Amino acid sequence: MPGDTPGAPEAYARTFEGDGMATVELRFSAQPEHVRTARLVAAAVARRAGVDEAVLDEVRLAVGEACSRAVGLHRSHGITAPVSVALTEEEKAFSIEVGDSVPDPGADPADSGAPDAAGGSGAGSARPGSEADGEGEDEMGLAVISGLVDDVEVRSGAGGGVIRMSWPTADAAVRS
């Protein structure tokens, strides 16, 4: 289990299928060096799910940006919980959710994932109350993700935040 060996990097991945959707889950300690691994895993799973080869660089860049943002939030808030990444192959789409454990300061503790004030557009949805120096980076990261991904949703609540991104698979393009 992650963390059982002193000094060993914490990373955990599992694959499961339920409801006919294949999902890969990855959790890693909030260290910048683990972002590269998340990018590589995301690209490999996206390729296997049928995402167009021409889009794989966008997947890799968007996941890297989302994971870097989550790592930065964890580090700036002193949170030791792992960053989570869920990669899901659905019937016509491939989706990735990158989650952090930084609570939204304006969130009701009973609410653990309501959409943010941006309504899920992803642009300009930095968390209120975040430190001024990190806020610009947060907004920039979200703007980059929004530029790379057509279908992006940003949610934050008392339990943390999630960036959900999705891309059509080759099967979806053929059926359209």
Side-chain angles (χ1 to χ4, degrees), residues 1-14 23-43 45-46 57-88 95-149 151-166:
M1 205 70 205
D4 290 347
T5 308
E10 292 186 28
Y12 174 70
R14 69 180 180 153
T23 301
V24 174
E25 288 184 347
L26 175 66
R27 293 187 311 154
F28 61 90
S29 58
Q31 301 296 325
E33 56 268 21
H34 297 311
V35 172
R36 181 175 186 267
T37 302
R39 285 191 345 239
L40 293 171
V41 169
V45 176
D57 280 339
E58 292 173 11
V59 170
R60 202 176 356 261
L61 289 169
V63 168
E65 197 65 45
C67 288
S68 292
R69 178 181 178 271
V71 166
L73 286 168
H74 276 224
R75 293 173 66 102
S76 68
H77 288 84
I79 294 177
T80 59
V83 171
S84 64
V85 182
L87 307 111
T88 305
S95 65
I96 299 174
E97 291 189 1
V98 177
D100 64 65
S101 298
V102 179
D104 185 351
D108 179 354
D111 181 18
S112 62
D116 65 4
S121 72
S125 56
R127 295 178 187 186
S130 61
E131 297 166 19
D133 57 347
E135 190 172 312
E137 287 180 25
D138 190 40
E139 287 182 19
M140 180 63 77
L142 291 172
V144 170
I145 293 167
S146 294
L148 291 168
V149 185
D151 186 11
V152 63
E153 175 186 357
V154 180
R155 301 184 312 263
S156 61
V162 174
I163 297 177
R164 183 181 191 282
M165 305 167 281
S166 66

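Computed from a predicted model, the values in this text were never measured in an experiment.
Residues G99 and A70 approach most closely at O-CB, 4.4 Å, considering heavy atoms. Nearest heavy-atom pair across A38 and V63 is O-CG1, 3.9 Å. The nearest pair of heavy atoms linking V152 to S146 is CG1-OG, 4.1 Å. Closest of all the heavy-atom pairs between C67 and V85 is SG-CG2, 3.8 Å. Contact record, P103 with I79: CD-CD1, 4.3 Å, taken as the closest heavy-atom pair. Considering every non-hydrogen atom in both I145 and A62, the closest pair reads CG1-O, 4.1 Å.
Proximity of S101 to H77: side-chain heavy atoms (C-beta onward) are nowhere separated by under 4.5 Å. The shortest distance between side-chain heavy atoms of Q31 and V71 does not fall below 4.5 Å. In this structure, the side chains of T23 and L87 stay at 4.5 Å or more apart for every pair of heavy atoms. The shortest side-chain heavy-atom distance between I163 and E153 does not fall under the 4.5 Å cut-off.
In this structure R39 satisfies the side-chain hydrogen bond (donor to acceptor under 3.5 Å, both in side chains) test with no other residue, sequence neighbours excluded.
With hydrogens and angles disregarded, a donor-acceptor distance shorter than 3.5 Å links the side chain of D100 to the backbone of G161. Proximity of a side-chain donor or acceptor of H74 to a complementary backbone N or O of T80 within less than 3.5 Å is not detected.
In this structure, CZ in R36 is found 5.0 Å from CG in L40, a value given to the nearest 0.5 Å. The CD atom of E58 sits 13.5 Å away from atom CD of E65, with the distance rounded to the nearest 0.5 Å. To the nearest 0.5 angstrom, H34 atom NE2 is 3.5 Å from S29 atom OG.
A salt bridge links E97 and R164; the closest N-O separation between the charged side-chain nitrogens and carboxylate oxygens is under 4.0 Å. Taking 4.0 Å as the cut-off between side-chain N and carboxylate O, R27 and E25 do not count as a salt-bridged pair.
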